[in-house]
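Structure record follows, encoded as structure tokens.
Each chain gets a letter, A, B and so on, in the order the sequences are listed, and its residues count up from 1. Hydrogens, waters and symmetry mates play no part in the numbers below; they use all other heavy atoms, side chains included.
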Amino acid sequence: MPELPEVETIKNSLEKKIKGNIISSIEVLKKKSFRGNQNKVWGLEILSLGRRGKNLYFKLEKENNLLIHLKMTGQLIYQTKNKIEDLKHQRVVINFNDKSRLVFNDLRIFGWIKLFNNKDLEKEFTILGPEPFFKEFNDGYLKKILTRSRRAIKLSLLDQKKISGIGNIYANEALYQAKILPIRPSNSLTDKEIKKLRLGIIKVLRKGIKYKGSTAADENYRLPDGSKGQYQTHFKVYQKNGKKCHQCKKLIKKIKLGGRGTFYCPVCQK
DNA sequence: TGATATGTTATCTT
DNA sequence: CAAGATAACATATC
């Protein structure tokens with residue numbers, strides 16, 4: 001799924017391709033997938049690209065911004081003029097002056113592109129918790145949000161209002177890295193465990209970015225050139241149920257937590 | 001064929 | 001009242 005490392009990878013990759021491009025038109029093939037008046041941005045230049053949590057945004061001229069959320073199956077595929085090819089689940093197509101285009105392809109139609117002015121975009125971001133790479137995400141902050149809750153620690157990691165950018169894959173991997181069981185109540189973690197968890201989160205996210213995100217089994221995540229990420233080859237627990245733990249050789253277990261697949265080593269994680 | 005996968009949000013419950 | 005739990009969204013795949 002597109003989580004922080006996947007969206008960061010798409011941002012970095014797209015930046016080289018579309019920064020400075022001028023939008024010639026936007027075709028909305030599925031109404032649900034685009035909110036706002038797409039005609040307002042015709043003729044505007046893409047000044048820069050940014051990411052906040054799992055959100056990607058393009059800053060345009062005249063204080064316009066396109067905010068994009070891929071949800072679970074969204075893809076952003078860039079095609080130059082000699083490589084134009086229709087995809088199976090096209091929802092929005094952004095055409096550029098140089099005849100290249102960016103296709104928003106989304107199987108399940110949960111994802112969207114929204115048009116915002118600068119002020120409203122800022123407002124959208126205020127509800128999100130700090131990025132794991134922000135200074136503000138320190139041991140004290142993590143302790144503060146965890147001691148207030150009795151929910152399973154994994155559910156706290158997935159809460160975008162508390163920490164932004166972590167999804168199911170990286171939550172599972174970070175907890176393995178920190179040797180903490182996903183079902184532990186958030187407020188039961190010791191100071192030492194909180195520190196290990198913070199470092200574990202940062203470690204797996206950095207590794208995810210290094211390998212250009214993960215395209216696990218049955219996943220739709222793609223880079224803008226259509227290729228797959230490679231972090232899935234480094235998973236320690238995600239979708240590894242029934243396989244041996246790297247450290248202790250016992251079998252990785254799978255349970256459900258908050259309706260989501262949850263993977264852990266019953267020996268290494270306490 | 002119905003269960004399964006998942007990010008976010010609306011809505012219900014404790 | 002707030003926090004937590006759960007359903008809903010849409011669709012391909014097994």
Charged N-O contact under 4.0 Å between [X] and [Y]:
X	Y	value
A:D139	A:R198	yes
A:E131	A:R52	yes
A:D98	A:K81	no
A:E193	A:K270	no
A:D225	A:K17	no

Under 3.5 Å, which protein N or O atoms sit close to an N or O of nucleotides 7-13 of chain C? Give each pair with its distance.
from, atom 1, to, atom 2, distance (Å)
C:dA10, O4', A:R108, O, 3.0

Round to a whole Å and report the spacing from [atom1] of [X] to [atom2] of [N].
X	N	atom1	atom2	value
A:L157	B:dT8	CG	C1'	17 Å
A:K154	C:dA5	NZ	C1'	15 Å
A:L158	C:dG4	CG	C1'	14 Å
A:I127	B:dA10	CD1	C1'	14 Å
A:K162	B:dT8	NZ	P	15 Å
A:K254	B:dT4	NZ	C1'	8 Å
A:I145	C:dA3	CD1	P	13 Å
A:L257	C:dA5	CG	P	9 Å

Practice task
Return no unless some side-chain N or O of A:K71 is found under 4.0 Å from OP1 or OP2 of B:dT6.
Solution key: no
Practice task
Would you tell me if any nitrogen or oxygen in the side chain of A:Q160 comes within less than 4.0 Å of OP1 or OP2 on B:dG7?
Solution key: no
Handout entry: Pairing stems for DNA chain B [at least three consecutive pairs; Watson-Crick or G-U; under 3.5 angstrom]
Key = B:2-5 with C:11-14, B:7-14 with C:2-9
Handout entry: Distance-only polar pair, side chains of A:Q75 and A:R222, donor-acceptor under 3.5 Å
Key = no
Problem - Any donor-acceptor N or O pair under 3.5 Å, side chains A:E6, A:S214 - result: yes
Handout entry: Nearest-neighbour nucleotide for the A:N168 side chain, C:dG4, B:dT8, B:dT6 considered
Key = B:dT6
Taking the [atom1] atom in each of [N] and [M], what is the distance between them to the nearest angstrom?
N	M	atom1	value
C:dC9	B:dT1	P	22 Å
C:dA12	B:dT8	P	22 Å
B:dT4	C:dT6	P	15 Å
C:dA7	B:dA3	P	14 Å

Exercise for the section: Take the angle between the ring planes of A:F263 and A:Y238 and call it parallel below 30°, perpendicular above 60°, tilted in between. Expected result: perpendicular
Exercise for the section: Tell me, yes or no, whether the heavy-atom count around A:R35 atom CZ, taken from other residues, nucleotides or ligands under 6.0 Å, exceeds 12. Expected result: yes
Problem - Evaluation steps, ring pair (Phe, Tyr, Trp, His ring centres under 6.0 Å), between A:F235 and A:Y231 - result: CA-CA 7 Å; A:F235 286 168; A:Y231 183 57; 5.5 Å; yes
Across the strands shown, which category fits [X] at heavy-atom distances under 4.0 angstrom: base, sugar-phosphate, nothing?
X	answer
A:T73	nothing
A:G258	nothing
A:Y238	sugar-phosphate

